[in-house]
Amino acid sequence: MTKPLIVPPEKLTLEASDWLARELQKALATKQRVSLALSGGNTPRPAYRALAEHTLPWERVDVYFVDERFVPPDHADSNYKLVKESLLTPLKLSDAQVFRMQGEREDRDDAAADYAKTLPERLDVVLIGVGEDGHTASLFPGHPALSERTARVLAVKQTSKPPPWRMTLTFPVLQGAGAVLGLVAGEGKRDAMRRVLQGDMQLPASHVTNTQWMLDPAAYG
Ligand code: 6PG
C-alpha cells in the first residue's frame, strides 16, 4: 500500500483536485478518451468544484459513478445531483459523456446490469471515500456484495447509511482501476482509517488496495 498523503485541511481540496487532474492528464497522454468515476458523500464536493477549475481537454473525459442511491437524479440524496452541481454543470459536459447510474428505476437489478454494460474495461481515475464504519462505495461491512467477483455492478440493500437501496461498483472494478484516490477527512474517520491503513480486511475500504489515501491530520490520528 502506498504511503498515505497527509494534507492540512485548508489544502486538502486543492491537493485532491490537483491529484485527480494529474492522473487524468497522464491517462489522456496515452489514449483519446479517458474515464473518471466519482463517489458521493460530503467530503469530495469541494474537490469536484476545484477540479472543474482545471484546464483539461474535458471533451475527452467520460464521467461515471462509483455508486448511487436508488433515488431520482434530482433528489437531495442523489450522487448524480451532487456531481452535476459541483462538476458537470460548471464544465458544461455533454450528457453523451456522462454515464449516470439510473437510481430512479424500480428494476434495480436490471438497472445495475445495464450500468455494467456502459463501463469501460478499465476505469482510469476513481475517487472513493470511506464511511465511519469503513465502507467504501456502497460496499458495507458484512454485506454479501463484498464477495462478488463476477458482476461489475450490483444493487444492494444496506441499513448502515440511508437511503437503504444503492447501486455500486464491485471490488473487481475498483481494484482494476488505473488510479484510485481515497479522500478522507475528519476525526470521525480516524478509527476506520487506522484500521484500513493497517490492512484490516474486516473493513471494505481495505480491499481497494490500489488506493492512494489522502487524509487530513484529523482522519489520520
Ligand atoms: C455514498 C458514498 C460513500 C461515501 C462515504 C463517505 O454514496 O455515500 O459513495 O461511499 O464516500 O459514505 O461519505 P462522506 O464523505 O459524506 O463522509
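This is a predicted model, so every value here is computed, not measured. Order of appearance sets the numbers: ligands from 1, and atoms from 1 within every ligand.
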Paired with Leu169, the side chain to side chain contact (heavy atoms under 4.5 Å, CB included) test is passed by just one of Asp67, Val153, Leu154, namely Val153
Which of the ligand 1 atoms, numbered from 1, are nearer than 4.0 Å to a heavy atom of Gly129 | 11 (O)
Decide yes or no for Arg105 and Asp114: does some side-chain heavy atom of the first lie under 4.5 Å from some side-chain heavy atom of the second?
-> yes
Proximal atoms of ligand 1 relative to Ala137 (non-hydrogen, under 4.0 Å) | 3 (C), 9 (O), 10 (O)
Check each atom of ligand 1 against the heavy atoms of Lys189 and keep those under 4.0 Å away; list them by number with element.
-> 6 (C), 14 (P), 17 (O)
With heavy atoms under 4.0 Å as the rule, classify the contact between Arg69 and ligand 1 as side chain, backbone, both or neither.
-> side chain
Name the orientation class of the two ring planes belonging to His207 and Phe171 (parallel below 30°, tilted from 30 to 60°, perpendicular beyond 60°).
-> parallel
Taking side chain as C-beta onward, heavy atoms only, is Lys161 less than 4.5 Å from Arg69?
-> yes
Any idea which atoms of ligand 1 are less than 4.0 Å away from a heavy-atom of Ser39?
-> 9 (O)
Atom 15 (O) of ligand 1: nearest protein contact (heavy atom, Å) | Thr43 OG1, 2.6 Å
In this structure, atom 16 (O) of ligand 1 is nearest to the protein heavy atom Asn42 N, 2.7 Å
If you measure from atom 13 (O) of ligand 1 to every heavy atom of Lys161, Arg166, Arg45, which option wins on shortest distance?
-> Lys161
Closest to atom 9 (O) of ligand 1 (judged by heavy-atom distance), picking from Asp133, Val130, Leu169, Asp67 = Asp67
Evaluate the side-chain proximity of Val125 to Val34: yes if any heavy-atom separation is below 4.5 Å, no if none is.
-> no
N/O of Thr136 under 3.5 Å from N/O of ligand 1, yes or no?
-> no
For the residue pair Ser160 and His135, establish whether any side-chain heavy-atom pair is separated by less than 4.5 Å.
-> no
Indicate the ring-plane relationship of Phe99 and Tyr64, choosing parallel, tilted or perpendicular according to the 30° and 60° boundaries.
-> parallel
Here the atoms of ligand 1 under 4.0 Å from any heavy atom belonging to His135 are 3 (C), 5 (C), 10 (O), 12 (O)
Tell me yes or no: between the side chains of Asp124 and Ser35, is some donor less than 3.5 Å from an acceptor?
-> yes
